[in-house]
Amino acid sequence: MPELPEVETVCRGLAPHLEGARIETVTLNRPDLRFKFPDRFIDRLQGQEIQAINRRAKYILVDLSGGETWLSHLGMTGNYRIVDNSSPFAPGKHDHVEVTLTHPRHGDSTLLYSDPRRFGFMDMFADVATCKYLANLGPEPLGNSFTATGLAQNFSSRRTPVKSALLDQRIIAGLGNIYVCEALWRASISPMVPACNLVNEDGSPTPELGVLANVIRDVLIEAIAAGGSTLQDFRNTKGNAGYFQHSFDVYGREGHDCHRADCSGTIARIVQSGRSSFWCPTCQVETG
DNA sequence: ACTTTGACCTGTGCGC
DNA sequence: TGCGCACAGGTCAAAG
């Protein structure tokens, strides 16, 4: 479930190994992931020095000494890990990309990309300013450009349920199914409320939308601090699980008691746009 | 212009 | 033990 906190966890784990390292060899164990690898992908990576690793939304961006940027998206089940070259290693069934590195301080290691469902992908860009994947992304929820006022502007014309609107990466970048469910619960907003119902006549955010913007930040910050969430196979780069899944209030808790102190409701599951929404019908209200 | 649906893949867990 | 089905973190193209 790589959503923003998990991708951030991966980037932070990789940074000490990657930044300052030189890419020695690249091995692709298949011709594609979700998409084909870009032209001359191996040649454009080999021999490059890695200058920085950054995250934008759920994308990982690796800046190379030649000026190009290596972009990757983890899809649903993608993950990176670092293995020590001193121990024998045989790639597993889903280890699709192997990158050997030399580092002046950390020595030699291998970066592995695994992705059972292959919904992830990689690409290469001379200039991230022209990168099609980043062109239409909304604001970073943890950045200064994310505000309730900005959310209200995007919500005002949309009758789609707020659940769907928050999953729209053009409106806010980096949220996925889990953290949207958690944020809506914290804000006591039903996932079925039309997005435009959270906007006043004059276009300003309702108080509920103001709360929602705040709790989105809160839940993401808490999840990052916990090292992300681990469901199925997500692991950080050291192979360890995250811990935030133990803090879920609604996600995956269908049939369990609502955690809100003064609520005696039971968590329910509904399907919206083909995705499960977990919520408390008792305390998450229909209108803003 | 907005919204929904299906497609892309593999793995897991459940009921029978 | 096996089979079929439902479901899983995301995005995109196509259709309504």
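Keep in mind that what you see is a predicted model, and the values were worked out from it rather than measured. Lettering follows sequence order; numbering is per chain, from 1. Excluded from the calculations below are hydrogen atoms, water molecules and symmetry mates; all remaining heavy atoms, backbone and side chain alike, are included.
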- [ ] Indicate whether any N or O donor in one side chain lies under 3.5 Å from an N or O acceptor in the other, for A:T77 and A:R117.
- [x] no
Open item on the list: Can you confirm whether the side chains of A:R253 and A:H259 place a donor and an acceptor under 3.5 Å from each other?
Closed with: yes
Give [X] one of three labels, base, sugar-phosphate or nothing, depending on what nucleic acid heavy atoms sit under 4.0 Å from its own.
| X | answer |
| --- | --- |
| A:G274 | nothing |
| A:K132 | nothing |
| A:Y133 | sugar-phosphate |

Return no unless some side-chain N or O of [X] is found under 4.0 Å from OP1 or OP2 of [N].
| X | N | answer |
| --- | --- | --- |
| A:H73 | C:dG10 | no |
| A:K93 | B:dG11 | yes |
| A:H94 | B:dC9 | no |
| A:Q169 | C:dT11 | yes |
| A:S157 | B:dC2 | yes |

Task: Given DNA chain B, 5'-ward residue of the pair A:T160 and A:R34, judged by closest heavy atom - done: A:T160
For [X] and [N], what is the distance between atoms [atom1] and [atom2] respectively, to the nearest whole Å?
| X | N | atom1 | atom2 | result |
| --- | --- | --- | --- | --- |
| A:L175 | C:dT11 | CG | P | 10 Å |
| A:Q245 | C:dA8 | CD | P | 17 Å |
| A:F278 | C:dA8 | CZ | P | 6 Å |

Open item on the list: Assess whether a salt bridge exists between A:D262 and A:R260, defined as any Lys/Arg side-chain N lying under 4.0 Å from an Asp/Glu carboxylate O.
Closed with: no
Task: pi-stack flag for A:F119 and B:dC8, centroid dist under 5.5 Å, interplanar under 30° - done: yes
Open item on the list: Hydrophobic cluster membership, with links at side-chain heavy-atom distances under 4.5 Å among I/L/V/M/F/W/Y: are A:L28 and A:I60 in one?
Closed with: yes
TODO: Please figure out whether A:V271 or A:G174 has its closest DNA chain C nucleotide nearer the 5' end.
DONE: A:V271
Task: Pair partner, C:dT11 [Watson-Crick or wobble, under 3.5 Å] - done: B:dA7
Open item on the list: Taking only the P atom of each, what is the distance from B:dG6 to C:dA6 in whole angstrom?
Closed with: 13 Å
Open item on the list: Base of B:dC9, side chain of A:R117 - is there a donor-acceptor contact under 3.5 Å?
Closed with: yes
Open item on the list: Using the ring centroid of each side chain, check whether A:F121 and A:Y133 are separated by less than 6.0 Å.
Closed with: yes
